[in-house]
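A short write-up of the structure that comes next.
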2 protein chains.
Amino acid sequence: MSGIERTWSIAEIALEFGVTHRTIRFYEDQGLITPERKGTQRIFHPRDRVRLELVLRGKRLGFDLSQIRRIVDMYDQPPGEAGQLRYLLERIAARRAELEQRRHDIEVTLAELDEVERRCRADAEIAPKGRRK
Amino acid sequence: MSGIERTWSIAEIALEFGVTHRTIRFYEDQGLITPERKGTQRIFHPRDRVRLELVLRGKRLGFDLSQIRRIVDMYDQPPGEAGQLRYLLERIAARRAELEQRRHDIEVTLAELDEVERRCRADAEIAPKGRRK
DNA sequence: TTTTTGCTTGACGTTTACGTAAAGGGAAAT
DNA sequence: ATTTCCCTTTACGTAAACGTCAAGCAAAAA
């Protein structure tokens, strides 16, 4: 039973996601999350948590908040008119291109780190991970 | 012939890399690049270009400049004492972990974009204008 | 020689993404 | 009843990453 879902306070959310209450309020001001209000207090539902997770991931990916807003807005677009959808598809494509660029950057950087590490271990005559005999 | 390498002016570099001269000067102030000086003018060598590329890639990856400095510094560490090398290896490992987290974020996001796009195209089938069978 | 062009160094302005301090409401514990 | 929490808004502060003048030098073009 219990179609009744859990809710969270701002402090619980802040602690769990490792951000401050100030950050959360700021995100709300920016329209990135829209927690329910019971009187003056904020009540966080599962959907707010999903939103917040999207936002934080976007941050880790190096997007700024305005870009992140456009990303999260994509996730609950009401299916609109064809022109709208076409526009949305364009934005998805652009977003995908950016992400793939970033992924490529990561591959290159990881490969370079491998190389630095290899030279480094050669110099130090330290065995590679787990291969010390 | 010509062990003599090309050099570039600040304007050429700025244009080629799509940044302003102000940005380049800022990066120099921060010690991210160290172009030669001929009197008062800056002369950019290939190594400065490599550095700058590292910096810009770091930016695309969402690292801030202080992190980027630590990254680029890893690339021309003189092979030092074992303790130093071990420390460098630790930093490389940390950097790698961050990059792999970002890569994971990207995979998740790309998958979600696929899903949004899929729903989106499904909606477009019944949309009045964008109908394509 | 004068002008133009490209570069230089300050120095202050701006935006983003919050931090922090002030002042207080409301409920719950003592 | 009063203290203690947790939360609230308002408002000003700040660090990062540049942008934007302002003023000037120096070589090259006119």
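All values below were derived from every heavy atom in this structure, side-chain atoms included, with hydrogens, water molecules and symmetry-related copies excluded. Throughout, protein chains are lettered first and strands after them, A, B, ... in sequence-line order, and every chain is numbered starting at 1. The structure displayed is predicted, hence computed values, not measured ones.
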Phosphate oxygens OP1/OP2 of [N]: is one of them under 4.0 Å from a side-chain N or O of [X]?
X	N	answer
A/S66	C/dT16	no
A/T40	C/dG26	no
B/R37	C/dT9	yes
A/T20	C/dG19	yes
B/T23	D/dG19	yes

Would you mind reading off the distance between [X] atom [atom1] and [N] atom [atom2], rounded to a whole angstrom?
X	N	atom1	atom2	result
B/E12	C/dC7	CD	P	8 Å
B/D29	C/dA11	CG	C1'	13 Å
B/L15	C/dC7	CG	P	11 Å
A/K38	C/dG25	NZ	C1'	18 Å
A/Q67	C/dT15	CD	C1'	14 Å
B/I10	C/dC7	CD1	P	8 Å
A/E28	D/dC7	CD	P	14 Å
A/Q30	C/dT16	CD	P	9 Å

Hey, could you give me the CG/OG1 distance between B/L56 and B/T23, rounded to the nearest 0.5 Å?
9.0 Å

To the nearest 0.5 Å, how far apart are CZ in B/R49 and CZ in B/F44?
10.5 Å

Closest heavy-atom contact between B/F63 and B/I68?
O-CD1, 3.5 Å

Consider the side chain of A/L65, meaning its heavy atoms from C-beta on, and name the nucleotide among D/dT8, C/dC18, D/dC7 that approaches it most closely.
C/dC18

With hydrogens left out and only the distance checked, is there a donor-acceptor pair under 3.5 Å joining B/R22's side chain and the base of D/dT20?
yes

5' priority, DNA chain C, between B/Q41 and A/Y27 [closest heavy atom]
B/Q41

Could A/E107 and A/R103 be called an ion pair, given the rule that one side-chain N must be under 4.0 Å from one carboxylate O?
no

For a quick check of understanding: with a heavy-atom distance under 4.0 Å over all strands, which category does B/R42 fall into, base, sugar-phosphate or nothing?
sugar-phosphate

If you measure only the distance, is there a donor-acceptor pair under 3.5 Å linking the side chains of B/R42 and B/S9?
no

